[in-house]
Amino acid sequence: MAASLSTALDVHFTIPKSDTKRPIFFTSPIRHNPTKKRLAISCNSSASETSSSTKPPQNISESPSPKNPSLSDQLKPLSATTLSTKDHKAQLLSKPKSTWVNPTRPKRSVLSLQRQKKSLYSYNPQVRELKLFAKKLNDCGSGEDEFESVLETIPYPPTRENALLILNSLRPWQKTHLFFNWIKTQNVFPMETIFYNVTMKSLRYGLQFDIIEELANEMVSNEIQLDNITYSTIITCAKKCSRFDKAVEWFERMYKTGLMPDEVTYSAILDVYAKLGKVEEVLSLYERGVASGWKPDPITFSVLAKMFGEAGDYDGIRYVLQEMKSLGVQPNLVVYNTLLEAMGKAGKPGLARSLFEEMVDSGLTPSEKTLTALAKIYGKARWAKDAMDLWERMRSNNWPMDFILYNTLLNMCADLGLVEEAEMLFEDMKRSEKCRPDSWTFTAMLNIYGSGGNVDKSMELFEEMSRLGIGLNIMGCTCLVQCLGKARRIDDLVKVFNVAIDGGVKLDDRFCGCLLSVASLCDESEDVAKVLACLKQANPRLVALVRLIEEEETSFETLKEEFRAVVSDATVETRRPFCNCLIDICRKRDLHGRAHELLYLGTLYGLYPDLHHKTAKEWSLDVRSLSVGAAHTALEEWMGTLTKFVQRNEELPELFSAHTGSGTHKFSQGLANSFDSHVRKLAAPFRQREERAGHFVATREDLVTWVQSRIPSSVTA
């Protein structure tokens, strides 16, 4: 009886899909053995259910009843959707990137990693006529009255869509601004952020930051929301207008509102901080952006490289290269050019050469800017062989050339004294159809011939410039006058000066210093008069000071006042050369007392800050920035001061030294030999070191002996 009433019941487990908090402990799909039977549980039941219990249990492989699905069938969709698959398993095996999050404060993103999308316009059947109307606005005059007269012919009443379409089609920023103001006066629909954004972008092309800032403040006053695009336009326009303080101000205001900058804004503000020299702020912003998931583009690395290059920070340049490599960013031509310029400013010609080879090996073709930067680096480092190898590669590979590159190569040849190579470049430019020699090209050649003292070829170039109608600029005029002055060809110098005046050349203080230097070299009073007559046209007050120096009755106080007036009017870099030349003129005319007065005034007004150095063991005299006459005067002054120290039995160091330089500096060419001759003339106890050119030394004992040997004669005198 109990057996007959026993019933096989299927046990079903249903897991609700909506219960997402229930933990899932399966790690792989459940697989059932098809040979096993279903689990049957016997129990007592009513008589009505007896008939159903007499059916034998079915195998799982057999077709189950659709109304009464089995446990396997119910788990089947769950295993296909919730349980792990092969891809999900692989994902779990990979180690997730660890990021620390403050549990008390959620992590805030530093920037929006996606540029805000523009709103899509719905189809407008009036587009064609509105485009034609916008073209009429673009073609009309720039006057406000004419613009308003064209506005009266608008084909349709201004709606939001029509006004936005016309505003986007206007090109001159003045007309965009006029149309925007006209829309506001119509008052047919409320002004939205997008209208201000379109207007601001047009104003940005015209570099009208003040108007943009007025519109931004107007939005704030009218409670119109400033979005990411608005702030980006304001900041980038301020950067283009070099209003860096305003760019920083609006960037900080953007952060206070809670908006995150996008990639364009972020790169722009990095460049602003870099131009302001705020290196720490740049690195802080950069690292915060990278930590929040931002992948910098090549423009960002170009900004960083330029910043470190301006500071000559080689470690910073290495940091940029390492960051690019770690983030997998491939440098483009702009980044390579910036890095090369940075290497040049950091004084790393070897690394610049390696970087250039890396760029060429990567398949990039160097541009004119690339080659110009590398040529400047080689010229500054005086790498003549590498410079000429670069020139040969440029010719063989047919790399692009322009005026700036040719002139840079010529200036490099002038610095290195490569006359033949410069002449080859010059002739190559003459044969070129795109890069004919210009005024700066001839100036570079005049510098090359003038530095070598080749007066004849310099005058040939001058005559060629006159035939070709190429004007003489101030640099070429200075090089030519200096060359002619050293050769004592004063009549040719006057001729060149008159041509420069007739050509409208604006004479500067460097040119006046050159004429003053020529006057100090002249032996004949007639030549001096010709040179000073030219100088009087350029700087009459300087000539008046020369006349004042030559007069014996001029008092020291009068000389002091006039000297201070002339030096104050001159540019900073020409003040010391002026004083040097005035001292040379005094030495030339045997006015040694005036020469010592001028040296004292030059020291008084800070023109010779590094003339004297004192330590406990050594006193030194540095005349590397002085002319020959000024160096002789400084030596005499120093020896007189040391003589007084010896006579007063004051404490002296063990060593005395004088430095003239080795002759490579433009102010010290031939200075060492002239200084040595003057030391011998004074019978001073200084000896030039054989292992170090331009370095004269004397011991304390030698100096004391020399002073004591001169005391009897001075007393007798």
>> I'd like to know whether E213 forms a side chain to side chain contact (heavy atoms under 4.5 Å, CB included) with I234, so could you lay out the CA-CA distance, the side-chain angles of the two residues, the decisive distance to 0.1 Å, and finally the verdict.
In response: CA-CA 7 Å; E213 191 172 35; I234 297 171; 5.9 Å; no

> Do the rings of Y196 and F180 sit parallel, tilted or perpendicular, given the 30° and 60° boundaries?
Replying inline: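 The rings of Y196 and F180 stand perpendicular, inter-plane angle above 60°.
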
> To the nearest 0.5 Å, how far apart are CG in L371 and CE in M401?
Replying inline: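 Here the rounded value is 7.5 Å.
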
> Rounded to the nearest 0.5 Å, how far does CE of M412 lie from CG of L405?
Replying inline: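 Here the interatomic distance stands at 9.0 Å.
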
Salt bridge flag under 4.0 Å for residues [X] and [Y]:
X	Y	answer
D428	R431	yes
K306	E341	no
D389	R393	no
K184	E218	yes
E310	K275	no

> Are Y336 and F356 near enough that their ring centres are under 6.0 Å apart?
Replying inline: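 No; F356 has its ring centre 6.0 Å or more from that of Y336.
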
>> Taking the ring of F195 and the ring of F189, is the distance between their centroids below 6.0 Å?
In response: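 Centroid separation for F189 and F195: below 6.0 Å.
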
> With sequence neighbours left out, what residues match Y273 under ring-ring contact (aromatic ring centres under 6.0 Å, His included)?
Replying inline: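 Y273: no ring-ring contact (aromatic ring centres under 6.0 Å, His included) contacts found.
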
Modelled atom types, side-chain donor and acceptor of [X] and [Y], under 3.5 Å:
X	Y	answer
D227	T193	no
T236	R204	yes
N473	T443	yes
T338	S302	yes
T574	T571	yes
N447	S451	yes

Is atom [atom1] of [X] surrounded by more than 12 heavy atoms (other residues, nucleotides or ligands) closer than 6.0 Å?
X	atom1	answer
R436	CZ	yes
E357	CD	yes
K135	NZ	no

>> Using the rule given for side chain to side chain contact (heavy atoms under 4.5 Å, CB included), can you reason through L285 versus I269, listing the C-alpha separation, both sets of side-chain angles and the distance that settles it, and then say yes or no?
In response: CA-CA 9 Å; L285 279 174; I269 200 64; 4.2 Å; yes

Can a donor-acceptor pair be found, under 3.5 Å and without considering hydrogens, that links the side chain of [X] to the backbone of [Y]?
X	Y	answer
T478	I474	yes
S284	E281	no
S354	G350	yes

>> Would S202 and H177 count as a side chain to side chain contact (heavy atoms under 4.5 Å, CB included) here? Give the steps.
In response: CA-CA 8 Å; S202 179; H177 193 216; over 6 Å; no

>> Quick one, W391 and M424 - any side-chain contact, counting heavy atoms below 4.5 Å?
In response: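 Counting from C-beta outward, W391 and M424 do come under 4.5 Å.
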
> Going through the checks in order, is the side chain to side chain contact (heavy atoms under 4.5 Å, CB included) test met by L165 and K131?
Replying inline: CA-CA 8 Å; L165 190 147; K131 287 280 188 182; 4.3 Å; yes

